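This report concerns only the one structure given below.
Excluded from the calculations below are hydrogen atoms, water molecules and symmetry mates; all remaining heavy atoms, backbone and side chain alike, are included. Just so you know, these numbers come straight off a predicted model, no measurement behind them.
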Number of protein chains: 2
Amino acid sequence: MATLGGLERSVMSLLWDSAESLSANDVRDRLGEDLAVTTVLTVLSRLERKEMVRRERSTRPHRYSATASREEHTVEMLNEVLGTAGDREAVLARFIGTIPDSEAAALRRLLQN
Amino acid sequence: MATLGGLERSVMSLLWDSAESLSANDVRDRLGEDLAVTTVLTVLSRLERKEMVRRERSTRPHRYSATASREEHTVEMLNEVLGTAGDREAVLARFIGTIPDSEAAALRRLLQN
DNA sequence: GGTGATTTCTACACGCTGTAGTAATGGTGT
DNA sequence: ACACCATTACTACAGCGTGTAGAAATCACC
């Protein structure tokens with residue numbers, strides 16, 4: 001469901017990498033590009049609508065943070081893709097053939113619960 | 001990279017499910033909706049540009065087929081998502097926690113090469 | 001209560017997708 | 001060779017999502 005544009009992705013990246021929540025100005029400052037704050041605010045609002053970002057409205061300025069960690073979000077995406085799969089096991093079988101050995105080994109360990 | 005619209009996805013689904021290649025008219029007939037052939041042709045051309053569809057130009061009518069199976073395509077998507085991941089192993093670790101036991105078991109078997 | 005920072009609202013361009021009409025092209029029968 | 005019909009290519013446009021930002025409203029503080 002959540003297909004992000006380039007700027008949206010950049011903003012999410014910042015939020016994911018930042019320990020604390022950020023204000024719109026923080027975000028603008030950390031983006032390399034030279035954007036108007038209103039632009040950043042628009043993007044943050046859209047991300048909030050997509051439920052990728054949570055906003056503290058009680059403070060002034062508002063502070064924004066990601067609703068899920070980058071890893072959680074990535075897993076959601078993986079499951080979304082798998083959901084379109086048809087034969088899930090066939091897909092997983094092929095998939096493990098495409099990942100590096102080190103990761104396959106890690107998976108093996110993890111599944112050896 | 002390949003984000004498909006609704007109609008595009010429907011067409012891909014047909015091509016994936018069909019053993020042989022299909023003409024534009026075949027596709028139109030198999031889609032439930034009542035579309036103009038030119039619409040279907042436009043969509044097929046766009047899918048060709050996205051390299052999701054191969055076209056036999058030597059025959060009349062042209063015949064279309066998917067360049068990759070649905071499973072191959074799904075695996076590509078999975079890898080694309082994983083590519084944005086940051087810590088891939090962390091993602092995989094979480095991921096296997098989210099899939100049904102039966103699939104985890106299948107994975108375990110597959111990794112026990 | 002005025003002022004500066006912050007947020008909201010409104011706007012617009014651009015690219016992608018769904019949709020199809022019109023123009024061009026190609027094979028086939030006579 | 002020509003005409004006709006099926007097929008394909010080209011062109012068009014509306015609607016939506018995204019990037020971008022100005023103008024208007026709001027808020028906190030002196």
Side-chain angles (χ1 to χ4, degrees), chain A residues 1-16 18 20-67 73 76-77 80 84, chain B residues 1-16 18 20-67 73 77 80-81 84:
Chain A
M1 229 308 145
T3 178
L4 302 183
L7 183 53
E8 288 177 333
R9 185 158 296 280
S10 301
V11 169
M12 285 312 300
S13 213
L14 278 182
L15 292 175
W16 279 326
S18 158
E20 308 97 39
S21 57
L22 300 178
S23 72
N25 271 303
D26 293 340
V27 171
R28 191 211 41 195
D29 292 347
R30 300 188 190 199
L31 288 167
E33 306 123 75
D34 177 36
L35 295 172
V37 198
T38 52
T39 299
V40 175
L41 279 163
T42 301
V43 170
L44 284 167
S45 292
R46 288 175 183 165
L47 288 170
E48 190 191 17
R49 179 152 35 89
K50 294 180 188 178
E51 292 177 85
M52 309 241 354
V53 153
R54 196 183 312 111
R55 178 202 315 227
E56 306 273 352
R57 282 192 150 86
S58 52
T59 68
R60 191 87 182 188
H62 296 178
R63 305 196 67 81
Y64 299 83
S65 53
T67 52
H73 177 251
E76 272 177 42
M77 296 280 94
E80 209 168 283
T84 75
Chain B
M1 232 311 139
T3 180
L4 303 183
L7 183 53
E8 289 177 333
R9 185 158 297 279
S10 299
V11 170
M12 284 312 300
S13 213
L14 278 181
L15 292 175
W16 278 326
S18 158
E20 307 98 39
S21 57
L22 300 178
S23 72
N25 272 303
D26 292 340
V27 171
R28 192 212 40 197
D29 293 346
R30 302 190 187 197
L31 289 167
E33 306 123 76
D34 177 37
L35 295 171
V37 197
T38 52
T39 298
V40 175
L41 279 163
T42 301
V43 170
L44 285 167
S45 291
R46 289 176 182 165
L47 288 170
E48 189 191 18
R49 179 151 38 86
K50 294 181 187 179
E51 291 177 86
M52 309 241 356
V53 153
R54 196 183 314 112
R55 176 202 316 226
E56 305 273 354
R57 281 191 150 87
S58 52
T59 68
R60 191 88 181 190
H62 296 177
R63 305 196 66 82
Y64 300 83
S65 53
T67 53
H73 177 251
M77 296 281 93
E80 209 169 284
V81 169
T84 75

Q: Check whether the side chain of B:Thr42 and the base of C:dA20 form a donor-acceptor pair under 3.5 Å.
A: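 Indeed, a donor on one side and an acceptor on the other fall under 3.5 Å apart.
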
Q. Taking DNA chain C as the partner, which of residues 44-64 of chain B come within under 4.0 angstrom of it by heavy atom?
A.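 Heavy-atom contacts with DNA chain C come from B:Arg46, B:Lys50, B:Arg60.
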
(Q) Measuring from the side chain of B:Leu7 (C-beta onward, heavy atoms only), which nucleotide among C:dG18, C:dT7, D:dT18 has the closest atom? (A)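 The listed nucleotide nearest to B:Leu7's side chain is C:dG18.
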
Q) Among D:dA23, D:dT18, C:dT19, which is the nearest nucleotide to the side chain of B:Leu35? A)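 Nearest nucleotide to the side chain: C:dT19.
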
Measure from [atom1] on [X] to [atom2] on [N] and round the result to the nearest Å.
X       : N      : atom1 : atom2 : value
B:Glu33 : C:dT19 : CD    : P     : 6 Å
B:Glu8  : C:dC16 : CD    : C1'   : 8 Å
A:Asp34 : D:dG19 : CG    : P     : 17 Å
A:Met12 : D:dG19 : CE    : C1'   : 17 Å
B:Leu41 : D:dT7  : CG    : P     : 10 Å
B:Leu4  : C:dT17 : CG    : P     : 8 Å

**Q.** Expected output: side-chain B:Thr84 to main-chain B:Val81 donor-acceptor under 3.5 Å
**A.**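 It does hold such a pair.
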
Q.
Taking B:His62's backbone N and O only, do any of them form a donor-acceptor pair with B:Ser23's side chain (distance below 3.5 Å, no angle check)?
A.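 Between the backbone of B:His62 and the side chain of B:Ser23 there is no qualifying donor-acceptor contact (under 3.5 Å).
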
Q. If you look at every strand shown and take non-hydrogen atoms under 4.0 Å, does B:Ser23 touch a base, only sugar-phosphate, or nothing?
A.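 No contact.
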
Q) Does A:Asn25 put a side-chain nitrogen or oxygen below 4.0 Å from OP1 or OP2 of C:dA5? A)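 No, no such contact exists.
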
Q: Establish, with yes or no, whether the OP1 or OP2 oxygen of D:dA21 is under 4.0 angstrom from a side-chain nitrogen or oxygen of A:Thr39.
A: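 For D:dA21, OP1 or OP2 has a side-chain N or O of A:Thr39 closer than 4.0 Å.
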
Any side-chain heavy atom of [X] within less than 4.5 Å of one from [Y]?
X       : Y       : answer
B:His73 : B:Met77 : yes
A:Met52 : A:Leu4  : yes
B:Met12 : B:Leu47 : yes

Q | side-chain hydrogen bond (donor to acceptor under 3.5 Å, both in side chains) against A:Arg49, all qualifying residues, sequence neighbours excluded | A |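 Once residues adjacent in sequence are excluded, A:Arg49 has no partner under the side-chain hydrogen bond (donor to acceptor under 3.5 Å, both in side chains) criterion.
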
Going by atom type alone, with no hydrogens or angles, which donor-acceptor pairs under 3.5 Å involve a side-chain atom of residues 28-42 of chain A and a protein atom two or more places apart or on another chain?
unit_1, atom_1, unit_2, atom_2, d
A:Arg28, NH2, A:Asn25, OD1, 3.3
A:Thr42, OG1, A:Thr38, O, 2.9

